[in-house]
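Here is the structure we will look at.
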Amino acid sequence: MITWRRATEGDFPLLQRWLAQPHVARWWNHETSAEAVARDFGASARGEEPSEDLLVLLDGRPLGLVQRCRLADYPEYLAELAAVTEVSGETVTLDYLIGDPEQVGRGHGPRMIRAVVRATWRDYPYAPAVLIPVPAANRASWRALEKAGLRRVAEVELEPDSPASGRAHHLYRVARPGEG
């Protein structure tokens with residue numbers, strides 16, 4: 001069973017290990033020192049910033065991380081996406097990773113994404129859609145989105161999170177049920 005909770009400062013050593021894994025580091029390009037993880041995840045863990053860092057559990061064991069936020073809470077990111085597609089500020093976006101390399105390729109990514117998207121409709125009652133940019137080079141990620149029921153709506157150039165990603169991105173979207 002897939003469940004999640006907000007990541008806490010006690011989870012930072014686990015996030016640090018996950019971010020250092022080659023299959024994660026290629027796409028996340030994140031510093032993995034204890035100080036960097038505390039700096040970059042601390043405000044969310046303390047509830048001081050509007051994004052959520054959700055520690056995802058599979059049958060009670062840590063599986064991955066989902067970052068979730070409303071685009072309106074990050075105006076620069078909203079503007080970057082609005083320049084390439086029609087998007088409302090109430091739209092939610094996700095980023096995600098499977099931390100344990102032993103769990104990669106087992107179908108957990110689509111299950112994790114599908115579960116968080118379903119919960120988003122409840123947790124964000126004004127969100128008309130979930131919109132997720134993914135590097136075109138990250139085939140495993142965009143395939144997970146497709147298996148989770150999102151559909152590709154555009155191919156765009158965006159500033160990459162990681163130099164290995166390149167600027168080419170696919171935009172995936174799913175509308176709130178009943179909104180088309």
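Since the structure is predicted, the reported quantities are computational estimates derived from the model, not experimental observations.
- For the 3.5 Å distance criterion, the side chains of Glu49 and Tyr74 qualify, holding a donor opposite an acceptor.
- Qualifying side-chain contact (heavy atoms from CB on, under 4.5 Å) partners for Pro62, counting only residues two or more places apart in sequence or in other chains: Leu14, Trp18, Leu57.
- For the pair Thr85/Val156, no side-chain contact is recorded, criterion being any heavy-atom separation below 4.5 Å from C-beta on.
- Annotation: side chain to side chain donor-acceptor pair (under 3.5 Å) contacts involving residues 129-143, sequence neighbours excluded, comprise Tyr96-Ser141, Arg143-Glu146.
- Listed by chain and number, the residues in a side-chain contact (heavy atoms from CB on, under 4.5 Å) with Glu157 are Arg167, Ala168 (sequence neighbours excluded).
- To the nearest 0.5 angstrom, Thr3 atom OG1 is 8.5 Å from Leu58 atom CG.
- Considering CG of Leu71 and OG1 of Thr93, their distance stands at 5.5 Å, rounded to 0.5 Å.
- Here the CZ-CZ distance, from Arg6 to Arg46, works out to 11.5 Å after rounding to the nearest 0.5 Å.
- Residue pairs satisfying the salt bridge (charged side-chain N to carboxylate O under 4.0 Å, His left out) criterion with at least one member in residues 112-124, sequence neighbours excluded, are listed as follows: Arg68-Asp123.
- The line from OH of Tyr172 to CG of Leu150 is 9.0 Å long, rounded to the nearest 0.5 Å.
- Counting heavy atoms from C-beta outward, Gln67 and Phe41 have side chains that approach closer than 4.5 Å.
- Within the model, atoms CE of Met112 and CG of Leu97 stand 6.5 Å from one another, a figure rounded to the nearest 0.5 Å.
- The distance from atom CG of Leu171 to atom CG of Leu131, rounded to the nearest 0.5 Å, is 5.0 Å.
- Counting all heavy atoms, side chain and backbone alike, Thr91 lies closest to Ala129 at CG2-O, 3.3 Å.
- Sorted by first then second residue, the salt bridge (charged side-chain N to carboxylate O under 4.0 Å, His left out) pairs that include residues 90-107, not counting sequence neighbours, are Arg70-Glu90.
- In plain terms, the two heavy atoms of Pro133 and Leu81 that are nearest each other are CG-CD2, 4.1 Å.
- Thr8 pairs by the side-chain contact (heavy atoms from CB on, under 4.5 Å) definition with Arg5, Asp11, not counting sequence neighbours.
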